[in-house]
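The block underneath contains the structure these notes are about, expressed in structure tokens.
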Amino acid sequence: GAGVSQSPSNKVTEKGKDVELRCDPISGHTALYWYRQSLGQGLEFLIYFQGNSAPDKSGLPSDRFSAERTGGSVSTLTIQRTQQEDSAVYLCASSLEGLAYEQYFGPGTRLTVT
Amino acid sequence: GNSVTQMEGPVTLSEEAFLTINCTYTATGYPSLFWYVQYPGEGLQLLLKATKADDKGSNKGFEATYRKETTSFHLEKGSVQVSDSAVYFCALSDRGTSYGKLTFGQGTILTVHP
């Protein structure tokens with residue numbers, strides 16, 4: 001079946017603009033995670049969704065970052081007033097409930113803030 | 001808090017050489033341990049896992065044993081191939097939580113030459 005998909009694959013934006021990144025998890029996966037992969041910080045957890053709720057937002061780096069999930073499926077990560085330090089690859093992963101450690105990752109969105 | 005430390009790379013080997021990538025961890029709970037691999041141009045993939053002490057995870061000729069006494073989960077392969085060239089990430093998930101929030105090491109770049 002289809003894996004986790006993310007769009008766009010690449011995004012170049014100007015400093016100060018808002019961006020939206022989309023994640024389509026594997027059908028039936030109730031858990032969804034966002035991570036960020038950057039040169040300086042490695043791979044960092046951002047937020048976890050179970051269904052449409054986000055019980056763990058502890059990794060979001062600032063209040064410019066927000067995420068939502070609708071219908072227990074698609075998730076959108078929004079970054080407002082982008083800064084150069086936001087440049088990174090944003091990864092989405094999903095898993096079945098009860099098999100939370102078997103996460104399937106999408107290909108990522110490479111965000112470049114100029 | 002939780003943390004993962006990987007041996008620094010990059011690692012360059014000739015085909016058929018023996019591979020070890022060291023990984024040690026610090027965790028407040030009783031974690032599950034993983035190795036993920038990222039092949040060039042592809043997304044993160046789960047390579048192997050171990051969920052309790054002395055478990056050995058294995059896949060594609062790679063092995064890693066969960067050593068609680070040394071808090072380690074070193075990745076090994078007896079004979080590497082050019083196709084093993086990739087970035088390898090050690091990770092943990094604290095089973096004290098009900099979900100699989102992953103903490104990653106910095107990643108080790110492996111290049112295998114013919």
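Numbered from 1 within each chain, the chains take letters A, B, ... in sequence-line order. If you're wondering where the values come from, they're calculated on a predicted model, not measured in any experiment.
The contact between B:Gln106 and chain A is made entirely by side chain atoms (from C-beta outward), counting heavy-atom distances below 4.5 Å. With a 4.5 Å cut-off on non-hydrogen atoms, A:Gln37 touches chain B through its side chain but not through its backbone. Proximity to chain B (any heavy atom under 4.5 Å) is restricted, for A:Tyr35, to the side chain, taken from C-beta onward. Using a 4.5 Å cut-off between heavy atoms, B:Gln45 does not touch chain A at all.
Annotation for B:Leu44 and A:Phe105: closest pair O-CB, 3.5 Å, computed over non-hydrogen atoms.
Annotation: A:Tyr104, atom OH; neighbour count of heavy atoms from other residues, nucleotides and ligands within 6.0 Å does not exceed 12. Atom CD of B:Glu16 sits in a sparse spot, with 12 or fewer heavy atoms from other residues, nucleotides or ligands closer than 6.0 Å.
With sequence neighbours excluded, the residues satisfying side chain to side chain donor-acceptor pair (under 3.5 Å) with A:Arg22 are A:Asp24. Contacts of B:Glu63 classified as side chain to side chain donor-acceptor pair (under 3.5 Å), with partners at least two apart in sequence or in another chain: none.
How far CG of B:Leu102 is from OG of A:Ser95: 9.0 Å, rounded to the nearest 0.5 Å.
In the hydrophobic clustering of ILVMFWY residues, with side-chain heavy atoms under 4.5 Å counting as a link, A:Val4 and A:Tyr90 come out apart. If you chain together hydrophobic residues whose side chains sit under 4.5 Å apart, B:Val4 and B:Leu48 fall into the same group.
Using a 4.5 Å heavy-atom threshold, the side chains of A:Ser58 and B:Lys101 count as touching.
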